[in-house]
Asker: 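The following block contains the structure, expressed as structure tokens.
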Amino acid sequence: MNSFMKFAVLLFPGSNCDDDMVHALGRVMGRKTFKVWHKETELPDIGSEDCVIVPGGFSYGDYVRAGAVARFSPIMQAVSAHAERGGRVLGICNGFQILCEAGLLPGALLRNANQRFVCKHQHLRCESTNSALTSALSLHQLVSIPIAHAEGRYHIDGTGLKALYDNDQILFKYADADGQLTDAGNPNGSLDHIAGIRNVRGNVFGMMPHPERAAEDILGNTDGKLLLKGLIESVEQAMV
């Protein structure tokens, strides 16, 4: 068995963070990474130990609402089947929106409370280490990860919110520089400051911030590399 993870990065019309992910995972993290066009019906050379990345951008111009059209692309049937087999799927920003629209993650991403596009470095507080994506972090550790979105306000009904807490599915919350959950530290008005979640099974992840934009010294921030490193190492250790 190959002891290294592979990554397939989806490409939709309007995706604009695919090259960032290919660079971060391929050149920075040193793992085989390739793109898959949205009209494909299979995920070539991807096994259950590997990961599909649904990247950021504006798939289909965010028509109707962000992610609502992309979830019907042919490749998404293969992504759902991959997740059902236990394969990893990570959605970043628009990818998170697509995964929610596709029913692979609970809840929805709504228009930012201030009705404006927001783009800045944002503090996140780790809310669970019971996840491959957060396995390199400690509980309540702060990381600074860039955000860039207009529809990032996470919402779910009361029953769904209770389930997220009961099942330890909340991975990150927006926070201020002191790690406090203040209004000023919540850039889009997300319910309970939620910035990232996982599914119950623990193999599908979604987050609005962009770890691939904070994965190299040249960018002045390597906090995002901690997330990619944790994901890769936790999976590869189980593959040995």
Side-chain angles (χ1 to χ4, degrees), residues 1-10 17-35 43 45-56 82-83 86-93 95-96 99 105 121-148 168-175 177 179 194-199 201-240:
M1 178 183 292
N2 189 343
S3 59
F4 295 101
M5 288 183 77
K6 299 187 292 293
F7 291 86
V9 180
L10 303 189
C17 299
D18 47 298
D19 284 331
D20 296 24
M21 289 302 310
V22 170
H23 174 80
L25 293 167
R27 298 195 64 178
V28 178
M29 304 306 298
R31 297 302 182 270
K32 183 178 180 180
T33 307
F34 50 90
K35 296 182 185 180
L43 293 165
D45 198 26
I46 287 292
S48 60
E49 70 277 9
D50 299 321
C51 185
V52 175
I53 303 292
V54 191
H82 177 69
R88 281 79 182 177
V89 181
L90 171 59
I92 303 295
C93 197
F96 186 13
L99 294 182
L105 288 172
H121 285 267
Q122 172 65 45
H123 288 97
L124 305 180
R125 194 176 77 178
C126 176
E127 297 298 307
S128 172
T129 58
N130 185 27
S131 158
L133 191 63
T134 57
S135 59
L137 304 178
S138 58
L139 189 63
H140 289 170
Q141 179 177 342
L142 283 183
V143 291
S144 178
I145 308 289
I147 59 173
D168 195 23
Q169 291 176 249
I170 300 172
L171 302 181
F172 302 104
K173 288 189 175 184
Y174 298 112
I194 294 172
I197 62 173
R198 64 171 177 85
N199 65 346
R201 191 173 180 181
N203 63 312
V204 180
F205 320 97
M207 59 186 296
M208 289 307 298
H210 290 266
E212 77 278 9
R213 297 183 182 179
E216 294 181 273
D217 289 330
I218 195 171
L219 299 176
N221 184 354
T222 58
D223 284 3
K225 189 175 181 180
L226 292 174
L227 278 60
L228 303 180
K229 178 176 181 288
L231 173 61
I232 290 170
E233 291 186 350
S234 66
V235 173
E236 291 182 350
Q237 287 170 5
M239 293 166 61
V240 177

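Computation of the quantities below employed the complete heavy-atom set of this structure, encompassing side-chain atoms and omitting hydrogens, waters and symmetry-equivalent molecules. Worth saying up front: this structure is predicted, and the values here are computed from it rather than measured.
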Asker: Specify the closest pair of heavy atoms between Cys51 and Met5, including all atoms of both residues, with the distance to one decimal.
Answerer: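 Taking every non-hydrogen atom into account, CB-CE, 3.6 Å.
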Asker: Looking at side-chain heavy atoms only, is the closest gap between Pro211 and Ile92 below 4.5 Å?
Answerer: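 Yes - at least one pair of side-chain heavy atoms lies under 4.5 Å apart.
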Asker: Considering non-hydrogen atoms only, spot the tightest contact between Val204 and Ala83 and give its length.
Answerer: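 Heavy atoms of Val204 and Ala83 come nearest at CG2-CB, 3.8 Å.
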Asker: Working to the nearest 0.5 angstrom, can you tell me the gap between Ile170 CD1 and Glu127 CD?
Answerer: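 Interatomic distance, Ile170 CD1 to Glu127 CD, rounded to 0.5 Å: 7.0 Å.
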Asker: For Leu142 and Gly179, which heavy atoms make the closest approach, and how far apart are they?
Answerer: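 Closest heavy-atom pair between Leu142 and Gly179: CD1-N, 3.5 Å.
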Asker: Which atom pair, heavy atoms only, marks the closest approach of Ser128 to Leu139?
Answerer: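 Taking Ser128 first and Leu139 second, the nearest heavy atoms are N-CD1, 3.9 Å.
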Asker: Please round to the nearest 0.5 Å and tell me the distance separating atom CD1 of Ile194 and atom NZ of Lys173.
Answerer: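 Reported value, rounded in 0.5 Å steps: 6.0 Å.
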Asker: With rounding to the nearest 0.5 Å, note down the distance linking CD in Glu49 to CD1 in Ile46.
Answerer: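 Going from CD on Glu49 over to CD1 on Ile46, the span is 8.5 Å.
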Asker: If you define the side chain from C-beta out and look only at heavy atoms, does anything of Arg198 sit under 4.5 Å from Asp168?
Answerer: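 A side-chain contact under 4.5 Å exists here.
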Asker: Please report the closest heavy-atom contact between Leu228 and Ala215, naming both atoms and the distance.
Answerer: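 Smallest interatomic distance, heavy atoms only, reads CD1-CB, 4.5 Å.
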Asker: Could you pull out all residues at least two apart from Arg31 that satisfy side-chain hydrogen bond (donor to acceptor under 3.5 Å, both in side chains)?
Answerer: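 Here the qualifying residues are Glu236.
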Asker: Kindly say whether Leu105 contributes a backbone atom to a donor-acceptor pair with the side chain of Asn199 at under 3.5 angstrom?
Answerer: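 Not at all, since once roles are kept as given, no pair shorter than 3.5 Å links the two residues.
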Asker: Atom OG of Ser131 and atom CD1 of Ile197: how far apart are they, to the nearest 0.5 Å?
Answerer: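 Output value for this atom pair is 11.5 Å.
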Asker: Compare all side-chain heavy atoms of Met207 with those of Leu124 and state whether any distance is below 4.5 angstrom.
Answerer: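 Answer yes - side chains close enough.
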Asker: With heavy-atom distances below 4.5 Å as the criterion, would you say the side chains of Val9 and Phe34 are in contact?
Answerer: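 Side-chain contact under 4.5 Å: no.
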Asker: Specify the closest pair of heavy atoms between Phe172 and Cys126, including all atoms of both residues, with the distance to one decimal.
Answerer: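 Heavy atoms only, the tightest pair is CD2-CA, 4.2 Å.
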Asker: Check step by step if side chain to side chain contact (heavy atoms under 4.5 Å, CB included) holds for Asp50 and Phe7.
Answerer: CA-CA 6 Å; Asp50 299 321; Phe7 291 86; over 6 Å; no
Asker: Is Met29 close to Lys225 at the side-chain level, that is, under 4.5 Å between some pair of heavy atoms?
Answerer: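 Yes, at least one pair of side-chain atoms sits under 4.5 Å.
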Asker: OG1/Thr134 to CG/Leu226 distance, rounded to the nearest 0.5 angstrom?
Answerer: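 Reported to 0.5 Å precision, the distance equals 11.5 Å.
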Asker: Is it true that a side-chain atom of Arg213 and a backbone atom of Asn221 form a donor plus acceptor pair closer than 3.5 Å?
Answerer: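 Between the backbone of Asn221 and the side chain of Arg213 there is no qualifying donor-acceptor contact (under 3.5 Å).
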Asker: Using the test salt bridge (charged side-chain N to carboxylate O under 4.0 Å, His left out), find all partners of Asp223 that sit at least two apart in sequence or belong to another chain.
Answerer: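 In terms of salt bridge (charged side-chain N to carboxylate O under 4.0 Å, His left out), with neighbours along the sequence ignored, Asp223 is linked to no residue.
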Asker: I'd like to check Gln122 versus Pro209 (side-chain heavy atoms, cut-off strictly below 4.5 Å). Are they in contact?
Answerer: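 No; the side chains remain at least 4.5 Å from each other.
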Asker: With heavy-atom distances below 4.5 Å as the criterion, would you say the side chains of His210 and Cys93 are in contact?
Answerer: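 Result yes, sub-4.5 Å side-chain heavy-atom pair found.
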Asker: Return yes if some donor-acceptor pair links the side-chain N/O of His82 with the main-chain N/O of Arg88 below 3.5 Å, else return no.
Answerer: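 Yes: the side chain of His82 pairs with the backbone of Arg88.
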Asker: Return the CG to CG distance between Leu231 and Leu133, rounded to the nearest 0.5 Å.
Answerer: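 Reported value, rounded in 0.5 Å steps: 6.0 Å.
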Asker: With a cut-off of 6.0 Å (strictly less than), are more than 12 heavy atoms of other residues, nucleotides or ligands near NZ of Lys35?
Answerer: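 Counting other residues, nucleotides and ligands, NZ of Lys35 exceeds 12 neighbours.
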Asker: Are Lys32 and Phe4 side-chain neighbours, meaning at least one heavy-atom pair lies under 4.5 Å?
Answerer: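 Sidechains of Phe4 and Lys32: no contact.
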